[in-house]
Amino acid sequence: MPDTGSLREDVLEVLRAGARRQREIGPDTLHGLLAEARDVDPSFIGIMRGVLRTLVERAAERGEIPTAERPRRVLTLPADLLRHEILLSREQVTDETLTEIVDDVFLPLVGTPEARTSGGDGAGL
């Protein structure tokens, strides 16, 4: 589990590890595995939620955010969005996409000052 001293960098490292795994396995194989996600042990999702909860708790302890109390869906959102990118595209997930997930979506939800106030152009919506 990353511990860079920054919530932003920690979450990016978790997502980058997922994107690296996509490259190692190959997008087609990973796409097939994720298509069977309904058969995945629910504890897998709990593990990711636990990792992200720990990162948020550390950020709160450092004073980056006011509190670690966040809804379950907020805590799983970065991983959910990464999975969404993998499922809807057979392309490799770029670092730019990961940065948008963190800066434009996740950080504003957890209330960190690092959140970008202006993001992408919404293309692809």
Side-chain angles (χ1 to χ4, degrees):
M1 183 174 321
D3 191 5
T4 66
S6 160
L7 178 60
R8 178 183 188 272
E9 292 305 316
D10 288 348
V11 175
L12 277 170
E13 283 304 309
V14 167
L15 296 181
R16 286 176 179 138
R20 275 192 303 275
R21 192 72 175 140
Q22 177 203 21
R23 286 189 292 277
E24 291 167 2
I25 294 174
D28 290 335
T29 301
L30 192 55
H31 187 267
L33 290 170
L34 288 174
E36 299 297 322
R38 70 184 188 302
D39 298 327
V40 171
D41 182 350
S43 66
F44 171 76
I45 295 168
I47 291 168
M48 184 54 71
R49 186 181 321 126
V51 167
L52 290 165
R53 177 173 300 286
T54 298
L55 299 181
V56 168
E57 287 171 350
R58 288 180 186 165
E61 289 169 4
R62 289 190 299 265
E64 282 185 82
I65 57 175
T67 179
E69 293 305 314
R70 294 294 181 265
R72 175 181 55 86
R73 292 195 187 277
V74 170
L75 293 175
T76 61
L77 189 60
D80 294 342
L81 291 173
L82 174 59
R83 189 171 45 253
H84 178 81
E85 287 292 326
I86 292 169
L87 279 171
L88 292 182
S89 170
R90 292 194 188 271
E91 302 296 320
Q92 292 183 356
V93 178
T94 65
D95 201 60
E96 179 182 2
T97 297
L98 300 178
T99 300
E100 288 172 356
I101 289 170
V102 174
D103 289 349
D104 297 339
V105 180
F106 184 66
L107 293 180
L109 286 174
V110 296
T112 178
E114 284 187 81
R116 291 198 300 208
T117 55
S118 62
D121 61 4
L125 292 179

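- For the salt bridge (Lys or Arg N to Asp or Glu O under 4.0 Å) test, residues two or more places apart in sequence or in another chain that qualify with R58 are D3.
- How far CG of L15 is from CZ of F106: 9.0 Å, rounded to the nearest 0.5 Å.
- For V105, the side-chain contact (heavy atoms from CB on, under 4.5 Å) partners at least two apart in sequence or on another chain are L77, L81, L109.
- Between the side chain of R62 and the main chain of G5, a donor-acceptor pair closer than 3.5 Å is present.
- Atom-to-atom distance recorded for D80:CG and E85:CD is 12.5 Å, nearest 0.5 angstrom.
- Every residue two or more places apart in sequence or in another chain was checked for a side chain to side chain donor-acceptor pair (under 3.5 Å) with T54, and none qualifies.
- With rounding to the nearest 0.5 Å, the separation of CG in L52 from CZ in R70 is 13.0 Å.
- Between the CZ atom of R53 and the CD atom of E69 there is a distance of 6.5 Å, given to the nearest 0.5 Å.
- Partners of A68 by side-chain contact (heavy atoms from CB on, under 4.5 Å), not counting sequence neighbours, listed by chain and number: V56, E57, A60.
- With sequence neighbours left out, T94 forms a side chain to side chain donor-acceptor pair (under 3.5 Å) with T97.
- Residues that satisfy the side chain to side chain donor-acceptor pair (under 3.5 Å) test with R72, not counting sequence neighbours, are absent from this structure.
- In this view, E61 satisfies the salt bridge (Lys or Arg N to Asp or Glu O under 4.0 Å) rule with no residue, not counting sequence neighbours.
- Within 6.0 Å of CD in E24 there are more than 12 heavy atoms belonging to other residues, nucleotides or ligands.
- Nearest approach of L7 to A59, heavy atoms of both residues: CB-CB, 3.7 Å.
- For the atom pair OG1 of T76 and CG of L82, the computed distance is 12.5 Å after rounding to the nearest 0.5 Å.
- Partners of L12 by side-chain contact (heavy atoms from CB on, under 4.5 Å), not counting sequence neighbours, listed by chain and number: R8, E9, R16, L98, T99, V102.
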